[in-house]
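Only one structure is covered here, and it is reproduced in the block below.
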Amino acid sequence: MTPDDPARAVEAALFAAEAPMTVDALAQATGVADVSAALVRIQHDYADRGITLVEFGGRWRFQTAADLAHILRREREEPRRLSRAGVETLAIVAYHEPVSRAEIEAIRGVAVAKGTLDTLIEAGWVRPAGRREVPGRPLTYATTPGFLDHFGLASRRDLPGLDELRAAGLLDPLDAITSEVESGGDAA
Amino acid sequence: MTPDDPARAVEAALFAAEAPMTVDALAQATGVADVSAALVRIQHDYADRGITLVEFGGRWRFQTAADLAHILRREREEPRRLSRAGVETLAIVAYHEPVSRAEIEAIRGVAVAKGTLDTLIEAGWVRPAGRREVPGRPLTYATTPGFLDHFGLASRRDLPGLDELRAAGLLDPLDAITSEVESGGDAA
Amino acid sequence: MSDPAPETLTVSLDAWEGPLDLLLALAREQKVDLREISILQLVDQYLDWLRSAESLKLEVAADWLVMAAWLAYLKSALLLPKDPEADPDPELLALRLQRRLQQLDAMREAGARLMARDRLGRDVFPRGAPEGLRLVRRPQWQASLFDLIAAYGAVRARSAPVLHVVARRPVMTLDMALARLEAMLGTGVDNATLVSLLPPGGDPAWRRSALASSFVAMLELARQGRLAFAQEEAFAPLRVGSVA
C-alpha cells in the first residue's frame with residue numbers, strides 16, 4: 001500500500017472503532033470518497049488472515065477468524081451460558097417478534113420464569129417493543145441490533161431456517177391454530 | 001496465508017487482546033512455538049498498512065499507523081451557557097481577586113458548589129492563585145488572561161466600578177423590590 | 001398403542017419444563033417427523049408416564065393432571081364414532097396439538113441453531129482495546145460581559161445591608177383638610193356626604209389620608225359649632241351641612 005492509499009484510512013478507522021461502522025460513518029470519519037471500493041479491497045487482503053473484515057446489516061467490523069475460536073476461547077471466560085428456557089425464549093422472540101409474554105408462554109407451554117426475559121434484556125439482545133393495542137395492552141418484546149451483532153446476523157431475514165418455518169406456517173399467529181389446545185393446555 | 005499458518009493465531013490473539021502481550025503470553029495463549037518468527041512476519045505484512053504491529057518494553061500490540069492518528073479522536077466544541085451561579089462566582093473572582101472560596105461564599109451569601117469553580121477553571125477563566133497566609137491557608141482564585149480575552153477587557157480595571165454599576169441601574173433591583181413592598185404594605 | 005412406558009425418559013417431574021415439554025419428547029420418540037406422529041399413541045405414552053411418576057408432588061402436579069384429563073378427553077373423542085355435531089371436532093383438536101408440538105420443536109431447533117453460530121465474544125472476537133473514533137465533546141462555556149457585571153450587581157445588591165427608609169408619602173395634612181372644609185362651608189354645604197367633599201383623583205394612599213384628615217377636620221369644625229353632621233346608622237355615609 002502507498003501511504004496515501006484511501007484503504008489505509010478506512011482500515012485504521014475500522015480498527016480503532018468501538019462499534020461496527022456504516023459506509024457513511026466511515027466516509028465521514030476518514031474523508032475517503034469511495035469507501036465501498038476500499039472495503040472490498042480490505043476484505044480481499046484479509047481473506048486468509050487471522051482477522052477478517054465482515055459486514056452485518058450494512059455495518060462493517062473487523063473480527064477474529066471463526067476457525068480460530070478454539071485458540072481464543074481457551075483464555076477467556078465463557079460468556080454467559082443461557083439456560084434452555086433462555087435459549088427458547090430468545091428464539092421465540094427472534095422468530096415471532098414482536099411477541100408478548102403470553103404468546104411466549106403459549107408456545108413454550110409453561111410460564112416464563114421471572115428472570116428469563118430479564119437476562120435476555122440485560123444481555124442486550126431483547127428489548128421491550130411497545131404495547132399491543134388489544135385488551136390488556138400487553139407489552140411486546142423484540143430483538144436488538146446487539147442481538148444481530150452477537151449472532152453474526154445481517155438482519156432478521158438471516159435467521160436460520162426463517163423462510164422454511166414461515167412456509168410451513170409454524171410462525172403463524174398462535175391463536176389461529178392453538179386457541180383450542182391452549183384452553184386445555186394453557187390451564188396445564 | 002494458509003489456514004494453519006501460526007501467524008494467523010498470533011495475529012488474532014493480539015487483535016482480541018485487551019492489553020499488549022509478551023511473547024510468552026502469546027505462546028501460551030496460542031500454542032504457537034515460534035511466536036517471535038510469527039511477529040516478525042506480521043510486522044512485515046503490516047508495514048505499509050493502516051495498522052502497524054509495535055513493541056514497547058517486550059509487549060506487542062497493534063495500533064493505528066501514526067500518520068493516521070488524526071482520524072481517531074476528534075474534538076468538537078459545544079457552546080454551553082454558564083449557569084447563574086457560575087457567572088456570579090466568576091464576577092466575584094474578577095472583582096475581588098485573589099479571593100478564597102469562603103470569601104466568595106460570604107459575598108454571594110450562598111455556598112459555592114465545587115463544580116462551579118471547576119467549570120470556571122475548565123473554561124480557562126479562573127486559576128488557583130496560591131494560598132493566603134492566614135490560619136487554614138485557604139487557596140485563592142484569580143482570573144486568567146483568557147478571561148480578559150473572552151470578555152474583551154484590556155485589564156480588570158476596565159470592569160465597571162460599583163458607582164458605575166449603580167448609575168447603570170445594575171445595583172437597583174433590590175431598591176426597586178423594597179419600595180414595591182413598602183407601597184404594597186401601605187395600601188393594605 | 002401398546003408401547004411400553006418409555007424407560008429412557010426420567011420419571012421425574014423436574015426433568016421436564018411442563019406437560020408440553022414432555023409431550024414433545026414423547027412424540028420425538030415416535031418419529032423424527034412430528035407431522036407423522038400418532039396422537040392416540042402419544043396420549044397413552046403420556047398417561048403411562050404419569051402413572052409411573054411416583055414422585056408426583058400434588059402442587060406441581062396440577063398442570064400435569066389437567067393435561068392428562070384433556071388428553072383423555074381427546075382420546076375418547078377420537079375413538080368414539082364420529083359425531084358430525086361435535087364441537088370442536090376432535091380431529092381438529094388433534095391437529096392443533098400436533099401443530100403446537102411442531103411449533104415448540106421448531107423454536108427449540110432454531111434456538112440451538114442460533115447458539116451454534118459463530119458468536120461474537122465466544123467464537124469470534126472484536127478488537128480487544130480499540131482506540132475509539134468517538135467525537136469528544138468539549139464544552140465551550142459562554143457568558144457575555146453584560147452577564148458578568150449584571151451578576152456582580154445582583155450579588156452586591158443582594159448582599160448589601162438593607163436600609164429601610166420609609167419614603168415620604170403623599171398625605172393631606174389636618175391643616176390642609178381644615179382649610180378646605182372651612183372654605184367649602186363658606187360657599188354653603190347642605191347634607192353632602194363627606195366623601196363627596198374630597199378632592200377627586202389622587203392615588204388610593206393619598207385618598208385614604210385625605211379622608212382621615214377630613215374626618216378629623218369635620219369633628220373639629222362640629223366642636224366649634226360651625227358644622228353639623230349626621231349618620232343614619234352605623235357605617236352609613238356621614239352627611240355634612242353648614243350651620244347657617
Side-chain angles (χ1 to χ4, degrees), chain A residues 13 15-21 25 29 51-52 54 61-66 68-69 72-73 76 78-79 82 84-85 87-92 94-96 106-111 149-153 159-162 165 168-172 174 177-182 184-185 187-188, chain C residues 16-24 34-35 62-71 73-74 87-89 92-135:
Chain A
F15 210 71
E18 284 158 335
M21 292 178 81
I51 309 164
T52 56
V54 294
R61 71 162 183 244
F62 276 117
Q63 66 181 31
T64 57
L68 296 170
L72 299 169
R73 208 183 301 159
R76 284 156 202 275
E78 175 93 5
L82 274 186
R84 201 179 80 172
V87 173
E88 282 182 25
T89 303
L90 179 63
I92 292 168
Y95 284 77
H96 290 264
I107 296 175
R108 295 198 62 232
V110 280
D149 272 354
H150 180 85
F151 290 95
L153 298 163
L159 285 169
L162 185 70
L165 291 175
L170 290 174
L171 299 181
D172 291 349
L174 284 155
I177 314 165
T178 57
S179 58
E180 291 299 330
V181 179
E182 255 160 52
Chain C
W16 310 102
E17 274 209 77
L20 202 64
D21 187 19
L22 173 62
L23 276 173
L24 180 58
L34 290 178
R35 281 170 298 188
D63 292 354
W64 301 79
L65 297 175
V66 169
M67 177 62 94
W70 187 82
L71 288 174
Y73 161 77
L74 178 61
D87 183 39
D89 176 11
L92 188 60
L93 288 185
L95 182 67
R96 282 172 176 167
L97 174 60
Q98 193 178 24
R99 293 289 281 178
R100 206 168 168 209
L101 292 173
Q102 277 180 272
Q103 272 197 319
L104 176 58
D105 190 58
M107 286 301 102
R108 203 159 273 183
E109 186 94 346
R113 286 170 78 177
L114 270 180
M115 291 299 140
R117 290 182 69 84
D118 286 334
R119 287 157 58 192
L120 191 67
R122 192 192 72 142
D123 306 292
V124 294
F125 296 87
R127 178 113 185 267
E131 292 91 343
L133 281 170
R134 65 169 174 272
L135 214 53

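Per chain, numbering begins at 1; letters A, B, ... match sequence-line order.
- Options C:E109, C:R113, C:Q102 differ in how many heavy-atom pairs under 4.5 Å they form with chain A, and the most are formed by C:R113.
- Not a single donor-acceptor pair under 3.5 Å links the side chain of A:H150 to the backbone N or O of C:R119.
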*Under the side-chain contact (heavy atoms from CB on, under 4.5 Å) criterion, do A:V87 and C:M107 qualify, and how do the steps go?*
CA-CA 9 Å; A:V87 173; C:M107 286 301 102; over 6 Å; no
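- In this structure, chain C has a heavy atom under 4.5 Å from the side chain of A:Y95, while its backbone stays farther away.
- Across all their heavy atoms, A:F151 and C:L114 have their closest contact at CD2-O, 3.3 Å.
- Between the C:R117 side chain and the A:G152 main chain, a donor and an acceptor come within less than 3.5 Å of each other.
- Between the side chain of A:E88 and the backbone N or O of C:R108, no donor-acceptor pair lies under 3.5 Å.
- Only the backbone of C:A112 comes within less than 4.5 Å of a heavy atom of chain A; no side-chain atom from C-beta onward does.
- Residue A:A25 does not touch chain C at all, counting heavy-atom pairs closer than 4.5 Å.
- Judged purely by atom type and a 3.5 angstrom limit, C:R99 uses its side chain to pair as donor or acceptor with the backbone of A:G169.
- Here the closest heavy-atom approach between residue C:P130 and residue A:A17 is recorded as CB-O, 3.5 Å.
- Rounded to the nearest 0.5 Å, atoms CD1 (A:I92) and CG (C:L104) are 7.0 Å apart.
- Of the listed residues (A:L153, A:L165, A:L159), the one with the most heavy-atom contacts under 4.5 Å to chain C is A:L153.
- At a 4.5 Å heavy-atom cutoff, the contact between A:R108 and chain C is made by backbone and side-chain atoms alike.
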_Audit row: C:R127, A:I51, side-chain contact (heavy atoms from CB on, under 4.5 Å) steps and yes/no_ = CA-CA 10 Å; C:R127 178 113 185 267; A:I51 309 164; over 6 Å; no
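- Counting only distance, with no hydrogens or angles, the side chain of C:R100 and the backbone of A:A106 share a donor-acceptor pair below 3.5 Å.
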*Using the side-chain contact (heavy atoms from CB on, under 4.5 Å) rule, take A:Q63 and C:D118 through it: C-alpha gap first, then chi angles, then the decisive distance, then the call.*
CA-CA 11 Å; A:Q63 66 181 31; C:D118 286 334; 5.7 Å; no
